[in-house]
Every structure is written in structure tokens, then in C-alpha cells.
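This structure is a prediction, so every number in the text was calculated from the model and none was measured.
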Amino acid sequence: MKRIFAATGAGLAAAVFLASAVAAAEITIGLGADVTSMDPHYHTLSPNNNIATHVFGTLIDQDEMQKLKPGLAESWRIIDDSTWEFKLRRGVKFHDGSDFTADDVVATLARVPAVPNSPAAFTIYTKSIAGVSVVDPHTMIVKTAGPYPLLPTDLSNIFIISQKQAKAATEDFNAGKAMNGTGPFKFASWARGDRINLVRNDGYWGPKPAWDKVTFKLITNDPSRVAALLAGDLNAIEIVPTADMAKLKTNKDINIFRVVSNRIIFFHLDTDRDVSPFVTDKQGKPLDRNPLKDLRVRKALSKALNRPGIVDRVMEGEAIPAGQLLPDGFYGTSPNLKPEAYDVEGARKLLAEAGYPQGFAITIHGPNNRYVNDEKIVQAAAQMFARIGVDAKVETMPSNVFFTRANKLEFSFMLVGWGSGTGEVSSPLRSLLATFDAARGMGTANRGRYSNKQMDALLDQALATVDDAKREKLLQQASEVAINNLGIIPLHYQVNSWATRKGVMYVPRTDENTLALEFKPRS
Amino acid sequence: MTAPDTALEPALAAKPQTPFQRFLADFFDSKIATAGLVVLAIILFVAIFAPWISPQNPYDLSKLDIMDGRLEPGTKSMDGKPFLLGTDDQGRDMLSAIFYGLRTSLAVGVTASFCAMILGMTMGLTAAYFGGLVETIIMRIVDIQLSFPSILIALILLAVLGQGVDKIIIALIAVQWAYYARTTRGTALVERRKEYIEAAQCLALGDRRVVFRHLFPNCLPPIIVVNTVLIANAIALEATLSFLGLGLPITEPSLGLLIANGFTYLLSGKYWISFFPGVALLFTIVSINLVGDQLRDVLNPRLQK
Amino acid sequence: MTGGSDAPTLVVENLRTHFFTRAGVVKAVDDVSFTVTKGRILGLVGESGSGKSITGFSIIGLVDPPGRVVEGRILFQGRDLASLAENEARKLRGSRIAMIFQDPMMTLNPVLRIDTQMIEAVQAHEPVDRETARQRARDALGKVGIPSPDERLKAYPHQFSGGMRQRVAIATALLHRPELIICDEPTTALDVTIQGQILYEMQKLCRDSGTALIWITHDLSVIAGLADEVCVMYAGRIVEAGTVDEVLDRPLHPYTLGLIGSVPSRNVRGRPLAQIPGMTPSLLSLPPGCAFRTRCERADAACMEAPAITLPLANRPIRCVHPNLAASS
Amino acid sequence: MNPPVPMLELRQVSKRFVKRLDTAAKLGNFFGAGMREEVVHAVDKVSLAINPGEVVGLVGESGCGKSTLGRIVAGIHQANEGERLWHGRVIADMPAAEARATELKIQMIFQDPFASLNPRMRVADIIGEAPVVHGMVKLDEFDDYLDQTMRRVGLDPGFKRRYPHQFSGGQRARIGIARALAVKPEFLVCDEAVAALDVSIQAQVLNLFMKLRADLSLTYLFISHDLGVVEHLSDRVVIMYLGRVVEIAPADDLFRGPNHPYAQALLAEVPRLETRRRRFEPVKGEIPSPLDPPTGCHFHPRCPHATERCKREAPVLREIAPQRWSACHLNDAT
Amino acid sequence: MPVYFIRRMMQSVLVLFVMSLLVFVGVFAIGNPIDILISPEADQHEIERATRALGLDKPLWEQYGLFVVNALKGDLGRSFVFNIPAIDLILQRMPATMELAITATFMGVLLGIPLGMWAGLRPESFSGKLIMSGSILGFSLPTFWVGLMLIMIFAVFLGWLPSTGRGQTREFLGVHLSILTWDGLRHLAMPAFNLALFKLSLVIRLARAGTREAILQDYVKFARAKGVSSRRIIGVHVFKNIMIPIVTVLGLELGSTIAFAVVTETVFAWPGMGKLIIDSINLLDRPVIVAYLMVIVFMFIFINLVVDLLYSVLDPRVRISESKG
């Protein structure tokens, strides 16, 4: 019907041409978050990194489960605790035709700290590197400041640019001039806030992309994105709104692809201060001690949460009840940790034991535009706390205000989320639960100021252990200590979802990336 | 020859009306405006008595059960209560939520407009009466304010202030006072030149008496008209701000916030979460505007005879 | 009642124009008859609400709803205007019959230039090009005593004084040399010296071109100086008609008598004026019978019947059962 | 014999309405924009004396400043220059209480019967407000006082609870008169008080004015553009043209033979019942804008007798005969 | 005329100064941009580096002073988020918004005036009342709700129009415009109508009120007395008079149309300035917020200027007044 309508119009030739081209090898994908820059080293922001992944390569890639796999480096090995050798892939060419060599990697690592005005630099992934030496064009040695097992993981986040662009400015990337990578797609154009066009890189070293042209449309409004898919303007969308999931599932023209994500939604709670600002008795008078410091209270609150209920009703099934920091199967997760069961009676009993038979009052804070259904989750939790006698008030705010205040430790009990870009459990342990130590970068997001010596020790040990098996054991132990002690109260893991028009398949990814390479026409 | 003529015109003598009675008679002359007033009266009744007529207190989280979430209109809750208009994602009875939402929306709109009216009228009268530097300063501020889109002012103000009923009322006052100030000053300047004010001056009545007994009551009609329009505007603006994620706290939703919440469910067929509050909002604003339109006609001196 | 020898330009017979308002039927013009002859001026005198203006609008066919001519004949050079189709009536308006309004500040469209407004008036009736039309407009302006008409044509109304605007309106009315001009209080809003100028122009026009004029006014003094015949209206009806001298010097109707007595310059200075008691009744609730009954000294039971037009003296139609015949001797 | 002290006197009174330049305009002038303040000399050095019991008519065409002068007399406008005297004493120099009492003695009747009454007040309040506020009547006597005042102007006291819109134009004019009378004035300024009324009603109100004058021995300044009305009512007539007084004369003398050419033209234009089918021979020209009045004698562009001198020099108001004053250079010649 | 410009300039400088100061203090009060922008895993060193990089380490007054100095040189700062000059960012997005706002305004005028005049000429007729009821609806319906309904109906159910986005653009005088392509027009239709709805109602009401008043005026009656056809009376005499308030109000409303594009752009994923400002507020991208407001103020000044000029063209009684209004 649309075709007919278009064909009657003035732009007949163009419309028909476009329409038929779509059928051939074009894909239009709706993205849910705005891309701020094309510079692969300017701002470590998922939408930016997602685009960079298309155009640039990394030494080490992450698969759809965030397992590391060879990328531009064919292999790597540990020479000693702080020395790594990387063998680079041969025959790889940049989009401009030049060969990929170790010098490009050196140039990239040199550029990362030199990008001006970066609000969030990629240096967090390169700071462990003490020196790089080139053995031959396809072999290089990386030395770290101390034992640093996460080096490959960190390097999987660094996009390799050609040495020709070593001095390129952010503007050059934004304008497309410097968009010279080794990735499966070449940069074509970017209309800021609207769309990004890519074309196939026929010289790509890996599997051949199915699409000649890729268009990413930026539609941050959820219903609009769904509507565009339903209207057939898009072949695929990311971040399917949970509200529409049920309906889309029944739509024969739509395919849904889902996988559990690396993002956990949890409550952070003030376990540090003796008087916490938003915990009072039921009349609103301050309490003489902070009940949240009492493990029994934390346990009671955890038991009061009906996780399956939230998953079912608030998240429309698009989440999985959480018992630890990453879903089972991720590196460093403990098989012993299970989601706390919903148990109102048990919770009441624990509260009484802790000396709060009548409960107390608390304000739950949360952002209202950061996580999937964040505002609704907070309300649901408040409902559930009310059932065990804890009067919970809800206060949500835009994330700009929320995070500023949270970082100033203004809250007592707050909803936050954490996505582990590295795909393993040391990331949340280090940032969320380690004792706050700004200089060492420990507990940077520990907004409850949870502190546990035993956990700190286990984590430090793990982070200095290069042996993967041993490290995993240590991380599992650290997780168990922190979670059993309820340094945070885990709620659920988000589920990443994509929806496509019939005929297009996708391999869903835990890291939320929407990779055109992974969309395949059904054969 | 100079005998006092005591014969009033019979037509006039037959109906000794106060201006207010005359105003009422004129007002009810229009069927659609009367209908608007009736609807508005029902809405006001619902808003005022919401706590007594709602099946549920939708603002009390402990009364909600998430397991009742997103039930269709007419279905029964787990413990058998029927939800006439269905529930939202938190298990909130939509009917109660709309009653309370009306209450909040109207309270926000009316309070904000009323405060803005007091502030703006004071400013406008001050400017008109004192003139000179005071007038220049006040009217410059008004000009600056009016030369800027209201939604942007509210947007930035709310971003700074944060959420809450009080905050959104402050933002709406900040947006609206200038309209009142301008209208009041304009009317006051016109009225001030009328002969009855000169007559009052001639009778050596005090300045304050002239301003409040003579000038002020005659400035009221246009302000009342502006007021109805601005109440409707305030309600709509609050809804829009809520839609943009600023404004009221999620636990005490106004109509706008209810619509915004249900907005995400529209495409999935759960129309009732957004649709019914939308209808309530529509009726509210339309009825206020209808009443305002009629007020404008009735109070317009040019159409008056 | 005609004084002229020529065939009448306009004959109005039993005209009734009613307004159908929510409050009831307002009989703004109720059984009005008169005749206007070529080159002569008929004065239509009355106080506010007497129906004199509506009579004028009825003739030219510009009574707005809810008003409507419900009865009567308006014979303009033998054609009945009341039965004309709108398009036919439009063709007559502005070409054969013109009208000048009371408030010169309002009769010209403030956002259109004078030439636009005059040229459209020319072109509405004659298929001439703009230049010819402009030429006609310029000549017309010159004729009514507007200096440098070429320049003034390009001006907007607000650049004119009230008197000048009234001249423009008159010039516009003259464009097609109409046989009849209806003047609805055209000098009321003007200063005395300017009124004098306008009266001068109108008088000259009437003398020179033989146009018939209906001059509607509340001011007996103006009529005295200008008109040939006069009709006095009260509450929608003509109560007395005749030549100016007859009516002003020997008024038969008590209302006319009172009206003349109310004019200050007629009275001895400082003495009380011979006033009419009471006030003009609302047309919505006229007393039954003679409308003037409640204010009339002579009123008696006979006045409860609505009086018809009678001719107690030759050529002196009057609507009263107690005409003041003594005064007319 | 000393002339009696006038009841009310104006000495060299001027009133200017100025539209000032704002900062931007001043800045513009700095760069040569050449902006000027707009000044209207509504009243230009007018002197006037009114004796007790007199009725003085003030006549002129629109824009001549007669209404402004009336408002200066009534104390509504303050003059920029000149003095206002009450029985020989400068009102501005009186103590506050006395000045206020004096202002109450001078009351004004307005033109527009619609705009001059506050539409939101009952007749009782309109009339009774000032006497109550000023403590002129005790509360228990208020009703009687109000009834008496209303009856005096021919209004039925039974309608005192009504609002202005429920009255006809003539009745509204009476309410306006009652409002002024309620504070027991000695001097009334009537600004076109009958202009908006129908002839028959106008006659009633004029009769009322004359009756009140006799009953209460009032003094009037009667402002009107209608020479017939002024002629009927006034003892003396003052004629203004563009802010200046051109002639003052006893009414009889003036209407018998005006001196000033403007007065002559004005009188010649007045339509009268007695003149039938006259030939109008109008004075030429338009009334100039008060923003930009002609030099010298304001009337010279329209005056049939204008000389070079008239363009240069403004004539002063001189007494040309007992009680007759005129401002015309022609009087110098003879 | 020069004085008029001086007056406008003085006003604008004042507005700009006050606005920029408010935004500085405002953004400072909302939160710290670093908290939003930086990777949560960053350590103290990295936080300090980023703070310095964005110039947020200096005291607020110094930041403001620096801004004023730079602004006088024409530099409104670089976006924290995008690291390009804020003004460039806005100018890139401006054509999309302007295109939307202007199309909406034209829609409002082209539909509104005939409808309004019709209703004004026949206030008691069914069609007249229907038009007025419609305009009250248009006044009352929240923009976002209408937007979504439009998408539901025309994109999802009927499939006539593309749901969201801007569609194909073509460059014209260095500006990318979607109005020049068929695809672009199809994309523009719904958002423009959504934005136009309020204007449309406004124009209908203005036109109706203006017509009702104009037809009672003496000059209309005089024109009829001249024998001028009713088509010309309505098309010239009435039309020119009602255009005065409509042009004035619409001109001033163009500013708020641009501002209200925020909502429409959010619903229709229209890549204009409005979406940018919302995102910038969420990300506390202060230079962009300031620059956006500056641009809006400048646009207002410009629009006011044009309106005043147009006004003096339409209404000969008004000169660009040399004296205060």
C-alpha cells in the first residue's frame, strides 16, 4: 500500500529504487540512545562504542556472551606477571587500503590519553599499561605496572585507528575524514541526532557482512521506535520497550531476540553512617541508630522483595531475578548464590529480631530516566516494604540530579544499576562494593560506602592474580562474602532485546551492542 | 416643568438585577457554555471529594498490589474488588487514580494560576498606578519574561528546583504571573482614564480608596477571563512537563503523569492506562475553556449592551 | 407633501422594518411613508431610537440581521427596491443611491489607501481600468474641496482629519453621480466650523447636480438651514411632515412642539426650557396606542388607539388625534 | 471701588502634556537621530476669574483645551504653571485639610453618562460614598440625606439600590449631578454635561441646572461646544482656540457682535432654527494639530484678516471694552 | 527607526545577560556534569582530569567571567558531551526545527484563516459552531497525546505516512531541508500538523473574532453602500483587517512554536534543537544550554523585528514608532 502511494507521487523513480534496494542488501536499524561523537577515543559511552565497533577493530573482540575472542590480535600470551605478548593478524587492511601493523596499535594507545576535553576518557582501559614495544610489525609486547589480569578485557574496549590518524582531532572523526578503521563497515555519513549511514567494507578480514548499506536511525522515544518498526520504516530496533513486548511477541511480522544482559538492577544502601538522612521512625523522627547497618534488617528488606512479581508485572518478564552481581555463567559468578526468596513472614520476624517489630520509615531514591522502568521498580519496592511494616516513601528524579546527589551521599536507600562492560565480576566488585578509596579507583561507585575487610582482601588478591582459574575462585569467594552480607540488595538482571521485521535474524548480545554484522537475512 | 421624573423605563424597572445576576443570565444564555459549566462542576465535585468517593487511595503505596497491575477495565482484583477502568502497572485503580489525578491537576492549575494572579495583579496595578521608574522596571521584567517561551522557562526552572507539587506550582507561577501583570496594567491604564476615576479624584477620595474601591473591581473582568484560560493552560503545561519527565512525583500522579505513564502502553493495546486520564484531561480543559470563552463574551464590554 | 414639480426620485410607502431579537420584536420602523424629489433635501428628524437611521438603511438595503424589511414599498424612480434581488440591489447601491455615515473616523477602512477604496467603488459599477478609475477618484476629491488630490489619494485614512475623511466619503458617494444620497448624521461628529464646510459642500452639490438628499439628523437647527421638507419621527413612526417652514413655525404635533421648545436658542436666555417630560420609551415595550401618550400633556382616552396619519391641513400629514391646530393659525 | 474678589481665579495657568524621550531615544540622538519630545500645550497661559453666582460658558472646538482647563479648575489636573485661587487665596498654599475642603467645594459634572459612573457601584454608594468618607453626614442621617439629594436632582430614591446600567442616559446624568451635589459644592464645572443627551432630555437637564443654581446659589463653569446651550445659560462667555483664550465677553454682547475673527466665524457657523435655507459660507481650513500649532496668532492661517504681524506675534488678551477682552491685533489698529 | 533598533538592542543585551547568568547558576544548582558523563569506574585522578578538561574546577564566577569574555569574542563554548562548539551543534540542528515550526505556522495560517473567517461570517450556523468546537479541542488537547494518536492512526494502522524521523533531505543554500524531497515532505507532514494544531486553533479564533468584529464596522457597511461585492469586502476589507492581529500574534507565537517543538520532536524523533535542549539538560551540557538560549533570544529579537516591520506594512496607522508604545 505504501509503495503504491509513493509511486503516485513525484519522487517516483527514487522511491521505487529505494524500495527495491531495501529488499536487496540494506538494513535500517533504530537505535534507542543518541551517539555523541564519532571519535572512538573521545567518550566511553555505549552508543558511541557501538558505532565504533562497526568501523574500527579491537585487538580482542567480545562475543555475544562477552567472552573474549581474537580480533586484530590473533593470539596473546602471558610472558610473566606483568608482560604480555600479542600476535597481530596479518593481511588486515584499513578502509583506505593501508596495512594494519603494530605501529597502528602504538599510535592508538598514544592517542587515547591525548584526546582533549574528554568528559570520560578511555584512559580507564589503558592506565595499567606501563610500556609497549614493537617486536616486528605483527608482534608486540605490552608491559603493565604490576600483575594485571584484566589487560585483555581492557584492550577489548580500545578501538584501533590507523597511525595516519594519530594526530586527528575529534572534529576530523565527526566529519568522517578520519573514520579509517579495519571494521566490517565503512563510515558514509552522520546526520547528528538523526542517522548514521555505513557501507560494507568488502576487504573486511572476518565474515562478510550481509548488508551493503546500513542506516542507524536514532529514535530515543520508545513508542516512536516501536511504531517505526511496526510501520515498516525500520528493519530492526534495539531496546524493545517492555510495555510493548507482549504485543510484539504476538505479531507475526515481528521477531524478538532476547538475552540476559550484564546489567544488574539493585538497591544500594547506606551501611556506613550511624544516622542516615532518610531513615526515620514512622513519625518522621530520626532514629538513634541506622537500621541499615544491621544485617538482619537488610536481610528482611531483601526477603520482602517479590522479585518474580517485579519481573512479571513491572518488567513484563523482560528481566531475571538476581542473586548476585552478574547472571550465572559470567566469569567470577558464584554458583552458590541464588535470588532471595519472597518471604514476608520471615522478613517480619527478622525485623522484630533486629528490634523493629513496628518497622520504620525510609525514603527510596531512584532515577526516572536511566534504567528500564526505574521509576516503577522503586514504587513496586515501596509497596512491598509497606507489607512488612516499613513505610517507604518514593522520590525519583532525572538522572542528572540523581547521580550528583547520590555521589554526594545524600541518600540512604537508592535504586541503581550496573552494567559490566568487561563481562566479569571484578568490575562491579571493585566499583560498587570495595571500600571507597578514590586514589586507587576502588569503590568509585560505592554510594552506600559498604566496607568489608574480608571482601577487600579477596578482591585485591584476585586483581593481582593472573591465573584465570585461581582468579575466578577468588572472585567467587569475594562475591559470596559481599552478597551474603548484603552490601547491595540485588533485584534483577535486565534482559536485552531486539525486535526485527520478519526475515531478519539477530544474535542477541549481553553487552547491549547492536551490531549490523550480526543481523542476518533468514536464508 | 421641572418636576422630578420618577418613571423608570418599564423594561428596566421590571428586572432589578445586580450586575452579577445580569452576568448569570447572560452566561446561561449559551447552551454549550452551560454544559461546560455543568461538566466543570462535576469535575470539581469529583476533585474535591476524591478521598471519599474513590474506591481506593491510589497515593498510598501500601494499598496497591503490583500483582493487580495492568488489569483490563472491569476485571476484578485478587481479593475481588472490581476495577471499573482497569489498573495501571502498579496495580492502581484507574478510576481512583483519575479522581485523585483530577484533584492534583486542578489543585496545581488553580493554585498556580491564583498565586500568579495575585502576584501579577499586584505588580500590574503597582506599575499602572505609580508609573515612572517602578512601572519601567516591572514592565521590562514582564517584557523579558513574555519574550521567552513558557515551556523553556518551566523546563529549566524544574530542572533546577527538582520535583514536587510545590516545585511545579512555583514553576507555573513564574511562567504565568507576567500575563496577569500585563493584562492588569493594560486594563488599569484604560480604566484609569475613565471619567469615574476622575470623579472619584474630584471628590477628594484617598488614593488607596480610588485604587481598591474604584479601579480594582473594574479591572477584574478581563483578569477573570485570563484566569480561566491560564488555569487550563497551567493544567495542560503541567501535563506536558510530566510527559517530559519533569514535574510531579510518580507516587502522586496528576492526569498528565497518568497519561505519560500509560503512554508507553498505548501501542501494546493497554489503552486504558493512558486513554481514560486523557479523556478526563480533555473534559477538564475543554470545559474550562468553554466557560472561559463564554465569560469572555459576557464580560466583553464591546459585545455588551 | 411634495413641494417640487419633478417626478419624485424616491417614494417610500408604509415601510416597516422589524428586528427579531431574543427579547422580542423591535419595530424600529413602523409604517413610514414619504417622498423625495429631485434636487431637494428631505430632513428626517428624531431622537435616538426613533428609527430614522434604520429608515435610511432600509432604503439602501443594508439592514443587518436580525433586522428585516417586513412590509412596504420603496419606489426608486419607479422600481421597488424592497423586492429587488441582492445582486440587483448591489448594482444600485453606490451608483444610483449613495449613503454617507455618521462617524467619519469609522467609515473608511483604516488599512486601505484612499485610492484603493475609491477605485473599487468606481470599478464596482463600471468596467473601467484602474487609471481611468483613479482619474475619476481624483476629480471627485477635487470637487469636494480636497487640496492636492493626487497626493491625498495615496494616503491612508488616518492621515486625514475627521472633516477631510467625511469629504472623502462624500467624494466616494459622488463618483457615479447618484440620484439620491442618504446622509446619516454626517456632521454630528464634526466641529462647528467643519460642519459648516460640509453643509456648504452638500448644499452646492444638491443645487448643482439636482441630486435628491435625505438628511437624517437629531438637530433641528441643521434641518432649518438646510432642508426643504422635514419628517419628524418618534418611536419608529413619522409623527409629522411638511415643509421646513410649516413644521418649524407651526408645529401641529405635541412632540414636535416640545422638541422645538427644547432648543435653547429658541428660548429666552436663562428661562426654563419648554421641555418634554419623561423619557424616550424602549421600542421593546411601547405603550399601546399613541407612543407619545405617556409624555403628552394632551393625552386622553382617545390616545389609547394608535392614531393614523391624517391631513388636518393641506399637505400637513400628522399622526395625532389632538393636533395643535391653534398654533398653526 | 475695588472690584469684588472673584470666587475662583486662574492666573497664567499652563498645562503641557509631554511625551519624554527614553534612554534609547537619547542614545539615538547622540548618534544624530534627531528625536524631539512631543509637547502638547493643552492650556497656554490662561487667566480667568469667575465671580460668585456667575455662570461662565467656556466655548471652543475639539482640541482647544477647554476640557483640560475645566479639569484644572476642578483640581483633577495640576497645572504646570500658574496659580489657582479660591476667594483670593492660592489653593496650593493652603494647609492640607483646608485645601481638601476647598477641592470639595469645586465639583465637576462629566460628559459621558456611561463612563463617568462606576459600573460596579450602586447608586447609593456612588452618591453617598464621598459624604460618608469625608464625614459630612452621620450614618444615621445618611438615608435621609441620600433621599434628599436624589430627590433634588429628580431621581426616585426608591432606585438607590440599583446600578448605573439600569438607568437611561438622562437619569445617569442626574446621578452624576447628585454625586457632585452630595458634597455640598459651591462651584460646579460642567464639562459638556448635556452633549451626549437627546434634545428633549437635554432640555430637562439644562432646566435642572438652572433650578439648582437658583436653589443652592451655585456658580458654574459651563464647558460646551454647543453655542446655543452656552448662550442660553451663561452670563459671560470665554472662547478658546488651540489652548489660548481669544475672547471673553458678557453673553449678550458676544452674541450681538463678536470681536475676535474666530469668534465671528464660530458664531456665523452655528445653525439656528430661525435661519432657513441659508447659504453656508464656511471659514476656510482645518483646525491645526495642537502638537504643531501655527506661529504667532494660532488662528492666522484661517483668518480672513491675517497680516504679517499675525504670523510672527501672538496677540495678548486685552480689555477692549468694559468686561470685554479679546486677543487680536486688529484691535490695535483702531 | 534607528532609535527603535537601539531600544531593541538594549533590551536584548539585558535579556541575554540575565538568561546566561540564570543558566550558569541554574546548571550549577542542578548537579555536576562530571557525575553524569564520566564512566562510573573512573578513579579520582580521572575525575579530576575531566573536571579540569571541562573547566569546572574554577569557581563559578570565574567560569561565568570567562564565558562572558569568550561570548563577546563570539565563542559560546564547546559542548561537554560532543566536544564541538556549542553554537555549531545548534546551528546544525536549527534547520530541522525551523522547517518544522515554519511549516506548522503556514499550515495554521492556510487552514485557520479560511475556517476562522467562515465561522466568523456564519457564527450561528452548524459549520461555524463545528469549527469553533474543533478549535477548542485543538486548544485543549495536549500536544504529545495528539502526536501519538497521529502516529497510531496514520503510520501504524493506515500506513500512509512514515511514523518518525526526518526523511530524506536536500541541500539548499548550504542548509539541509526535507521540504525539498517527497520523502522529506511525507516525514514532515505529521509532526508539522501536530505542532500546527495549536496555532490552527489560535488562528481560527483570531480570524473568527476579527471577522465578527470587522463585519460590524462602519467601513464594511460603507463598502456595501458603495456597491462593492461581498467577495471583495470579505477578501480585501475584512481580510486585511484581521491579518493585523493574526500576524502579530503568530509572529510572537513562532517563538513558542519553536520552543514547543521540544514536545513534538520528542514524540516524532525529529532531530531538531528541541530534542537537543532536552538531552542537554539531562546531561547538564551547560554550553549547549546557554548557546541554545542565546540562539532563541536572538531569534526572538529577529522575529519581533520582522513582526514589527510587517505590522507597519499591514497597519498603516502604526509607524515603527519612534516613541514608546
Side-chain angles (χ1 to χ4, degrees), chain C residues 53 56-57 59-66 86-114 116-126 154-159 165 168-169 172-176 178 181-182 184 189, chain E residues 113 117 119-125 128 206-207 210-249 307-323 325:
Chain C
S53 292
F57 287 126
I59 294 166
I60 202 166
L62 290 180
V63 179
D64 286 322
E86 165 59 23
N87 197 37
E88 293 293 307
R90 185 186 69 71
K91 282 182 186 156
L92 282 180
R93 282 202 295 269
S95 61
R96 325 301 311 146
I97 307 173
M99 187 158 179
I100 301 167
F101 293 69
Q102 172 174 3
D103 188 349
M105 308 308 268
M106 308 295 290
T107 45
L108 298 176
N109 193 327
V111 301
L112 298 177
R113 289 202 322 211
I114 298 299
T116 316
Q117 303 195 41
M118 291 188 75
I119 289 169
E120 72 176 7
V122 176
Q123 291 181 329
H125 300 289
E126 285 174 44
K154 292 195 194 91
Y156 284 96
H158 72 277
Q159 293 161 314
R165 287 193 217 189
V168 173
T172 310
L174 293 182
L175 281 170
H176 296 280
I181 301 182
I182 301 163
D184 186 9
Chain E
I113 291 180
M117 286 180 79
L121 292 170
R122 293 172 170 73
E124 299 300 324
S125 69
L206 286 173
T211 306
R212 279 188 73 181
E213 198 171 306
I215 54 172
L216 295 177
Q217 297 292 322
D218 271 3
Y219 59 76
V220 167
K221 216 160 194 180
F222 187 60
R224 288 171 67 195
K226 287 193 293 190
V228 176
S229 67
S230 43
R231 190 187 306 162
R232 186 173 165 91
I233 289 173
I234 291 161
V236 177
H237 288 259
V238 173
F239 179 76
K240 263 206 106 174
N241 273 285
I242 64 167
M243 280 312 281
I244 294 167
I246 289 177
V247 166
T248 317
V249 172
V307 168
D308 282 350
L309 289 174
L310 258 181
Y311 195 65
S312 67
V313 170
L314 284 174
D315 191 346
R317 286 165 293 189
V318 180
R319 291 173 299 155
I320 293 292
S321 70
E322 295 288 304
S323 44

Is Ile244(E) close to chain C through its backbone or its side chain, or both, or neither, when contacts mean heavy atoms under 4.5 Å?
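Interface part for Ile244(E): side chain.
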Measuring heavy-atom distances to chain C, does Arg232(E) have an atom under 4.5 Å in its side chain, in its backbone, in both, or in neither?
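Interface part for Arg232(E): side chain.
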Short N-O contact, Lys221(E) and Asp184(C), less than 4.0 angstrom
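Salt bridge flag = no for Asp184(C) with Lys221(E).
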Side chain / backbone / both / neither for [X] at chain E, heavy atoms under 4.5 Å:
X: Ile182(C); result: neither
X: Leu62(C); result: both
X: Thr172(C); result: side chain
X: Ala89(C); result: neither

Residue from His125(C), Gln117(C), Arg93(C), Met118(C) passing side chain to side chain contact (heavy atoms under 4.5 Å, CB included) with Lys226(E):
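Option passing the side chain to side chain contact (heavy atoms under 4.5 Å, CB included) with Lys226(E): Gln117(C).
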Shortest non-hydrogen contact from Gly227(E) to Ala124(C)?
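Distance-wise, the nearest heavy atoms are O-CB, 3.6 Å.
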Closest non-hydrogen atom pair between Phe101(C) and Ala225(E), with its separation:
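In this case the closest contact between Phe101(C) and Ala225(E) is CE1-CB, 4.1 Å.
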Can you tell me how far the CG atom of Leu108(C) sits from the NE2 atom of His237(E), to the nearest 0.5 Å?
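The distance works out to 10.0 Å.
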Rounded to the nearest 0.5 Å, what separation is found between the CD1 atom of Ile233(E) and the CD atom of Glu120(C)?
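One finds 7.5 Å between CD1 of Ile233(E) and CD of Glu120(C).
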Within a strict 4.5 Å, meaning less than it, do heavy atoms of the Lys240(E) and Asn109(C) side chains meet?
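Side-chain contact under 4.5 Å: no.
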